[in-house]
Structures are given as structure tokens and as C-alpha cells.
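Residue numbers begin at 1 in each chain, while the letters A, B, ... track the order of the sequences.
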There are 2 protein chains.
Amino acid sequence: MSLDQLQAVVTIAEEGTLLRAARRLHISQPPLTRKVRALEEELGVALFDRGARGMRPTPAGHTLVASARGILAAVDAAAVSVRRCADGRGGEREGPGPER
Amino acid sequence: MSLDQLQAVVTIAEEGTLLRAARRLHISQPPLTRKVRALEEELGVALFDRGARGMRPTPAGHTLVASARGILAAVDAAAVSVRRCADGRGGEREGPGPER
DNA sequence: CGGCCCCATACCGAGACGGTATGGGCGCGC
DNA sequence: GCGCGCCCATACCGTCTCGGTATGGGGCCG
């Protein structure tokens, strides 16, 4: 599991189709297919229901999307905290707090 | 920034030297050097002080280690939640809560 | 029934990742 | 003061994953 894959899952869930998600992620559709399938195989769980209309998240997929949003936000917050800690001054408490 | 790099930073901070951290991560020392340097350049911040004795985290490094621990725990919790959601039964509330 | 949209697969090239070998720097013991 | 050992940094190379293009199969709509 990688942050890349989590971002992919979140975007697909938001867009509903691989093509639109791929456009938003600045990649092509086939790599996205592989990313999702790889994650599904790694977890041993189907994350999306494929239909002729697009992809709809399964209950497991929905759960993962919710968790992934928090994780991605935490990563971003961590980067900000680290830069804050060394950029201007040299002392800051750990403050990635604003998660979820 | 990748989960791999976060894991590396945490392990290095715990072990104090690249060699011991590399052993724990089942990789070699040179790739670890590159991982850390890449992350430092990406953030524009020095994460460790290199001395003849080993590597000691800077304040920024310490901050990142703390955040990284929470993120990695959240990722693990997410995987568990997803599997729980689809493994036995088909309905579970989103419960990655125990983070940090 | 024809057309369209969407996902899946096959194949290929480039970039990233990891491993081995080697060098430079510093502290410690003799 | 000098040699030794530890540790991080760099150079080079093989492999493997990742992304892109081209193509196929399937279902819904008009």
C-alpha cells in the first residue's frame, strides 16, 4: 500500500469513473486500473463494483476512502509542521493535530 | 514523500545509525542514505545531524518522526478496518479511529 | 441494431530502486 | 602521533516497477 494508491482510490471514489480520475491525477487510465487492482489483491478485498456506468465503491472501498482522506491530510500536515520547525525558528512542538 | 521514506526516518531515529536501520528494514545502507537525502531535499530541511558516531535527528527530524509514527499506525489501522469490513460480514462502520 | 462509453489487457520504453564496490572523515586505542 | 575501525557518502550497474500507447470486450442508450 502506498500513498499514491490511497490518493487514487479517493479520486476514483469522488469522480466515479477511471477516466475522470486519471485526468485529475495527471496520468492515464490503464495505470490507474493496475493501481487499484494491485491494492485490491494486496488487501484481498474488492474495493469497487465495476459496472458499465463506472466504478462504485463497495462497503470496504468506502471505509478505505474515509481512512485514506485522513492519512493524506496527516501527511500534508506533517510536511507543513516539519518546514515550520526548521524554516524560521528552531523549536516547535509536534503539531500535525488538525487531522480529520 | 512516501510511506517508505517515513518508515526509514522512524527506524533511523530509533537505531541511531544507518547500518542498523538498514538491517532492520532488510535493505542495504546506500539506498537508505539516498532515501533520507531525497526526503531532506524534497522538504528543504535537514532531518539528521551526521556525526562520526551516527545520525541524530534535528528538531525538524524529531517532529517528522513523531508525525510519521502516527501516519504509519493509521495506514495499518486502515488496512485492518478494510479487511474487517469485507472479510466476515458485509457491514461495518468506519472505524480507523485509534490513530496516534 | 448501431454507436458510444468505460474498464481490462498487451506490449514497450523510461525512470526509479536496490545491490556491490569504493572513498573520505572522525573518534579511539596503542 | 599514528594506525585502526566505524560510519556515512558516492559511483556504477542490473533489475524491476511505473507510465504511455494501442487494442479488445462488454453493457447501456438511442
Side chain to side chain donor-acceptor pair (under 3.5 Å) for B:Glu15 and B:Thr11? Distances and angles first, verdict last. CA-CA 6 Å; B:Glu15 292 291 340; B:Thr11 305; over 6 Å; no

So [Y] and [X], do their side chains get closer than 4.5 Å, heavy atoms only?
X: A:Arg69; Y: A:Glu14; value: yes
X: A:Pro31; Y: A:Arg34; value: no
X: A:His62; Y: A:Leu47; value: no

Could you tell me how far apart [X] ([atom1]) and [N] ([atom2]) are, to the nearest whole angstrom?
X: B:Glu41; N: D:dA9; atom1: CD; atom2: P; result: 12 Å
X: B:Arg56; N: D:dC7; atom1: CZ; atom2: P; result: 14 Å
X: A:Arg37; N: D:dC18; atom1: CZ; atom2: P; result: 16 Å
X: B:Asp49; N: C:dC26; atom1: CG; atom2: P; result: 14 Å
X: B:Leu18; N: D:dT10; atom1: CG; atom2: P; result: 12 Å
X: B:Glu15; N: D:dC8; atom1: CD; atom2: C1'; result: 16 Å
X: A:Arg23; N: C:dC5; atom1: CZ; atom2: P; result: 11 Å
X: A:Phe48; N: C:dC7; atom1: CZ; atom2: P; result: 11 Å

ILVMFWY network linking A:Leu19 to A:Val9, side-chain heavy atoms under 4.5 angstrom: no

Check against side-chain contact (heavy atoms from CB on, under 4.5 Å), A:Leu39 and A:Val45: CA-CA 8 Å; A:Leu39 186 53; A:Val45 171; over 6 Å; no

Identify the heavy atoms of B:Ala86 and A:Ala60 that sit nearest to each other, and give their distance. CB-CB, 3.8 Å

For A:Met55 versus A:Phe48, what's the shortest heavy-atom pair and its separation? CE-CB, 3.7 Å

Within the sub-3.5 Å range, which N or O atoms of nucleotides 17-19 of chain C have a protein N or O partner, and how far apart are they?
{"from": "C:dG18", "atom 1": "OP1", "to": "B:Lys35", "atom 2": "NZ", "distance (Å)": "3.2"}
{"from": "C:dG18", "atom 1": "OP2", "to": "B:Lys35", "atom 2": "NZ", "distance (Å)": "3.1"}
{"from": "C:dG18", "atom 1": "N7", "to": "B:Arg34", "atom 2": "NH2", "distance (Å)": "2.9"}
{"from": "C:dG19", "atom 1": "OP2", "to": "B:Ser28", "atom 2": "N", "distance (Å)": "2.9"}

Quick one: is D:dC8 close enough that its OP1 or OP2 comes under 4.0 Å of any side-chain N or O from B:Thr33? no

Does C:dC6 have OP1 or OP2 sitting under 4.0 Å from an N or O in the side chain of A:Arg20? no

Can you give me the N/O atom pairs linking the protein to nucleotides 26-30 of chain D at distances under 3.5 Å, or say none if there are none?
{"from": "D:dC28", "atom 1": "O3'", "to": "A:Arg53", "atom 2": "NH2", "distance (Å)": "3.2"}
{"from": "D:dC29", "atom 1": "OP1", "to": "A:Arg53", "atom 2": "NH2", "distance (Å)": "2.7"}

Just one of B:Leu32, B:Val65, B:Thr17 clears the side-chain contact (heavy atoms from CB on, under 4.5 Å) bar with B:Ile12, so which one? B:Leu32

